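Structure first, then comments.
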Amino acid sequence: MSLTKIEDLPTVYNAKETEEAIYKFWEDNECFKANAKSEKEPYSIVIPPPNVTGVLHMGHALDGTLQDILVRYHRMSGYETLWMPGTDHAGIATQNVVEKKLRQEGKTRFDLGREKFVELTWDWANEHKSAILNQFKRLGASFDRSRERFTLDKGCSDAVKEVFVKLYEKDLIYKGAYIVNWCPRCQSAISDIETDYETEKSNLWEISYSLKNEPGAIVVATSRPETIYGDVAVAVNPNDYKYKDLIGKTVLIPLTGREIPIIADDYVDKTFGTGALKITPAHDPNDYEVGKRHNLKPIWVIDEQGKMKHCAEVHPDIQGLTREEARKKTVELLQYNNSLVRIVPIEHNVGKCQRCNTTIEPLLSEQWFVRMEPLAKAAIEAVESGKIKFVPERWTKNYLGWMTNIRDWCISRQLWWGHQIPAYYNNETGDMVVAKQNPDPAKYTQDSDVLDTWFSSGLWPFSTMGWPNTEAEDFKKFYPTSTLVTGFDIIFFWVARMITMGEEFTKKAPFSTVYIHGLIRDENGQKMSKSKGNTIDPVGIIDKYGCDALRFTLTSLCTYGGQDIKISDEKFEYGRNFANKIWNASRFVLMNLEGVDNNKIDFDNLTLADKWILNKLNETAKETNENIKNYRIGEMAHTLYDFFWNSYCDWYVEIAKIQLQDESLKLNTQRVLKYVLDMTLRLLHPVMPHITEAIWQLLPKNTDVKAIMLSKFPIYEEKFAFTQENTQMELVFETIKSLRNVRQSFNIPVSTKINIEILAENNEEDIFKKVEAYIHRLARVEGIKYVDENHKTQKQSASTVVSSSKINIPLAGLIDLNEEIKRQTKKLEKITNEKNSLLARVNNEKFMSNAKPELIEQTKSRIEEIIVQETTINELINSLK
RNA sequence: GGGCGGUUAGCGCAGAUGGUAGCGCAUCACAUUGACAUUGUGGAGGUCGCUGGUUCGAGUCCAGUAUCGCCCACCA
């Protein structure tokens, strides 16, 4: 790093320039590289791999920042730390992007053929793979790029095959016909959790099915009249007396006249609709179950494109129509045919593809599934036993609820981009072999489906570490990982699957803590989305306010409960202002270090203020460690902000200016200034890595550690515990604040110096004598006189009581007497109320016997304090009158 | 239908084990050659959604209730 001359440092922190240089400095020095051979205790995090198609958004920024904070903290705390970066191949999303590009050239993927298309997609992925992780660099992410992985790379692919084959061998993967959520636009099955439900206004059409060979009919209610062609039965509840006599009879499907039976099944709700339900097993999951119970063969009437099939069962006028057209036309035909009894408007939920919002078509088809129930056992146990802990804890219930009611996972997707299913079919016999490799490419053809993207990301914590080679260095050193950081929206998609797979294949929980943070929303609490146009681009924020400002702001908005975070552009001013404050305070310190040595602080020559700030720093270090260990990250940010700004800058630096004038104190003050700044920068480093590193590099130190990010994180040290001095100093601060308060309320200009009398009790005079210089300067006081009760100057004085010390101030000319009387009366009222409630407390026997002694003491002294204040305020009011 | 979360100052939010209600922004007054106006100093502003209960004492614990939001399941 090139050292700038201190005097040349700009008065406004230049984030952009600094951040670029600092990140490069870390990279050049390989500061992020993890060493699997290290003896140190490991700490590892795997990144939730962002989609290759992705562009950095605020969710990434928050997620990445939190991970980086944990990683940097542990690295500084003596752990061998690995943050594993990588990207996800994102099946449908990526395929969509490439297909869209092809479409612009007037082509489809089928024009290219599978092999060519996959090749093209690889080109695209390789080209874009680094883009999103390079954007993470702008966040200051200290991940180890030398280990970067991709969910479709060789290692992941080996792991996927291994897992698939093993699960198949254990009969935990099966191929079967089931009703799946079919997206007609994506042309693929999708899993249950990839479908969203939207409430739509629709109708319940009541259609009359006439009985065969006798008069009469049964009226069924349906929301999907276009599926009548696929009906295989009409079902009624066995206990429904209305229909009792009809059970077993045959009815005719309107329009086509096909014969179907009336069956009885408990599934039918007597009270809904007409109490009679048409059964279409190929296009409704519940009907499928009913059909199976009654041995009814499903009839497909809607194809994969969502169009009506050209088959005998479908009315000739309907064949080839889309679902929507078919519905309209069928209703018309029914009406014409007098089969439509009535139309009842209803609201119901319609399944939509999460990715493209196309209405899902429940479709009976052959797909691959993972049998989840046996696998879920260990995954439930891992959380119930506490081996894996959710933070905040409430997500545990959510997770367990889902896992205990788990349904089989449909893992096959009819796409080309992804892990192709390692099942091979004999070209002649059709026999299937599941194996890691094609047994004989000349004779066998691989299953054309690929796996759900989450299948490979479910293996991420160990596939990235070298598994299935259990002897791999990284696997041995860094697996299981330590903490998983993510948003609650992917607990089911990802976290649950990683735990399941981790337990099954490594017999270990893949991480010990799942830290769930809130979602980023806009200032109105709306989810950010491109379509709503309410996104805030983190890179834009970084350009405008700086990366550390972004990180600090986001961090400070994190709550322990993991509430969602509402942000707006202006909120980042908070972090920017803090960065600028750090910058300028550091500039001041650096400019005043001339002549300082590298010796340790001289403990025998510490002033009250020195001890106070060292104690405060010590407490802050303690709290910071605790906060971070307990994932109270927002709290950590607040604590550091408060310490740096309100203690170090507002008080200590101001006092240091006084002490630096005193030759006998100068050197030690410089040492304290430097030491506290050094330690504070370290405490802040995990949150604000760039600015702290930049300043630290300018700080004279006696260490050969080349970067703050490799330095030791401060911890609580007994030798800095100056609790008594802390209390004494607080008394002084109260005094100074009260003096300022009185000065302003009496409109005494800052330029006017005042004389004060301090009425000090016990040893307080000694304390004040030690800090007279501070009072002189910080409260702009000329003369200080110590007096006792009998000698205080009353005439021509307005007075106020500060703690147990009394300060007399000569009355300045221009006081609005009435205003002041009002103010003082109000104040009097307030403290009298407080006194009364405290008195009630002290007079209460139970309080006196139950409360802690310190609290009783505190209460008593507060009452005494109030009594003194009351007297003084009364005196004051009288003198004003 | 089941579960979860929010409700505290004008706005955005903190408030572990119950003990004098806090922070940021905004606001008002004062301060500008001195690290910083992306600043400093001081002030004003709250019966903690509502009702009951436990307790000497409740923002905090319990019961109920209102309201907003989220998740899961889903009856055609």
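Numbers restart at 1 for each chain; the letters A, B, ... are given by sequence-line order, proteins then strands. Note that the coordinates shown come from a computational prediction; the quantities given were computed from them, not determined experimentally.
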**Asked** Which nucleotide, A73(B), C56(B), A76(B), lies nearest any side-chain atom of R407(A)?
**Response** A73(B)

**Request:** Select base, sugar-phosphate, or nothing to describe what V12(A) touches, counting heavy atoms under 4.0 Å on all strands.
**Result:** base

**Asked** Which of residues 580-590 of chain A sit near RNA chain B, with a heavy atom under 4.0 Å from it?
**Response** N580(A), K581(A), N584(A), A585(A), R587(A), F588(A)

Which protein N or O atoms sit under 3.5 Å from an N or O of nucleotides 3-6 of chain B?
| from | atom 1 | to | atom 2 | distance (Å) |
| --- | --- | --- | --- | --- |
| G3(B) | O3' | K397(A) | NZ | 3.3 |
| C4(B) | OP1 | K397(A) | NZ | 3.0 |
| G5(B) | O2' | Q563(A) | OE1 | 3.0 |
| G5(B) | O2' | Q563(A) | NE2 | 3.4 |

**Message:** Assess whether a salt bridge exists between R224(A) and E361(A), defined as any Lys/Arg side-chain N lying under 4.0 Å from an Asp/Glu carboxylate O.
**Reply:** yes

**Message:** Applying salt bridge (charged side-chain N to carboxylate O under 4.0 Å, His left out) as the test, list every pair that has at least one member in residues 579-590 of chain A; sequence neighbours left out.
**Reply:** none

**Close approaches to RNA chain B from residues 340-352 of chain A, in residue order (heavy atom, under 4.0 Å)** = H348(A), N349(A)

Please list each protein N or O that sits under 3.5 Å from an N or O in nucleotides 19-23 of chain B, with the distance.
| from | atom 1 | to | atom 2 | distance (Å) |
| --- | --- | --- | --- | --- |
| U20(B) | O2 | E834(A) | OE1 | 3.3 |
| U20(B) | O2 | E834(A) | OE2 | 2.2 |
| U20(B) | N3 | E834(A) | OE2 | 3.4 |
| U20(B) | N3 | R862(A) | NE | 3.3 |

**Message:** Taking salt bridge (charged side-chain N to carboxylate O under 4.0 Å, His left out) as the cut-off, I'd like each qualifying pair that reaches into residues 548-568 of chain A, sequence neighbours left out, listed once.
**Reply:** D68(A)-R551(A), R521(A)-D564(A)

**Prompt:** Which one, A14(B), A76(B), C70(B), comes nearest to the side chain of F488(A)?
**Reply:** C70(B)

**Fill in**
Between CG of D564(A) and P of U7(B) the distance, given in whole Å, is 13 Å

**Message:** Test: side chain to side chain donor-acceptor pair (under 3.5 Å). Region: residues 628-640 of chain A. Which pairs qualify, not counting sequence neighbours?
**Reply:** T483(A)-Y631(A)

**Item:** Base-paired stems in RNA chain B, each at least three Watson-Crick or G-U pairs under 3.5 Å
**Value:** B:1-7 with B:66-72, B:10-13 with B:22-25, B:27-31 with B:39-43, B:49-53 with B:61-65

**Message:** Once salt bridge (charged side-chain N to carboxylate O under 4.0 Å, His left out) is applied, what residue pairs with a partner in residues 266-285 of chain A remain, sequence neighbours excluded?
**Reply:** D231(A)-K278(A)

**Complete:** Nearest heavy-atom contact between T18(A) and A694(A) is CG2-CB, 3.4 Å

**Request:** Summarise protein proximity over nucleotides 41-47 of chain B in one line of letters, 5' to 3': B for base, S for sugar-phosphate only, - for none, counting protein heavy atoms closer than 4.0 Å.
**Result:** BSS-S--

**Fill in**
By side chain to side chain donor-acceptor pair (under 3.5 Å), W651(A) pairs with (sequence neighbours left out) none

**Prompt:** Is any NZ, NE, NH1 or NH2 atom of the basic residue among R862(A) and E857(A) found under 4.0 Å from an Asp or Glu carboxylate oxygen of the other?
**Reply:** no

**Asked** Any luck finding a side-chain donor-acceptor pair between S191(A) and E194(A) under 3.5 Å?
**Response** yes

**Message:** Can you pull out every side chain to side chain donor-acceptor pair (under 3.5 Å) where at least one residue sits in residues 395-404 of chain A? Sequence neighbours excluded, please.
**Reply:** none

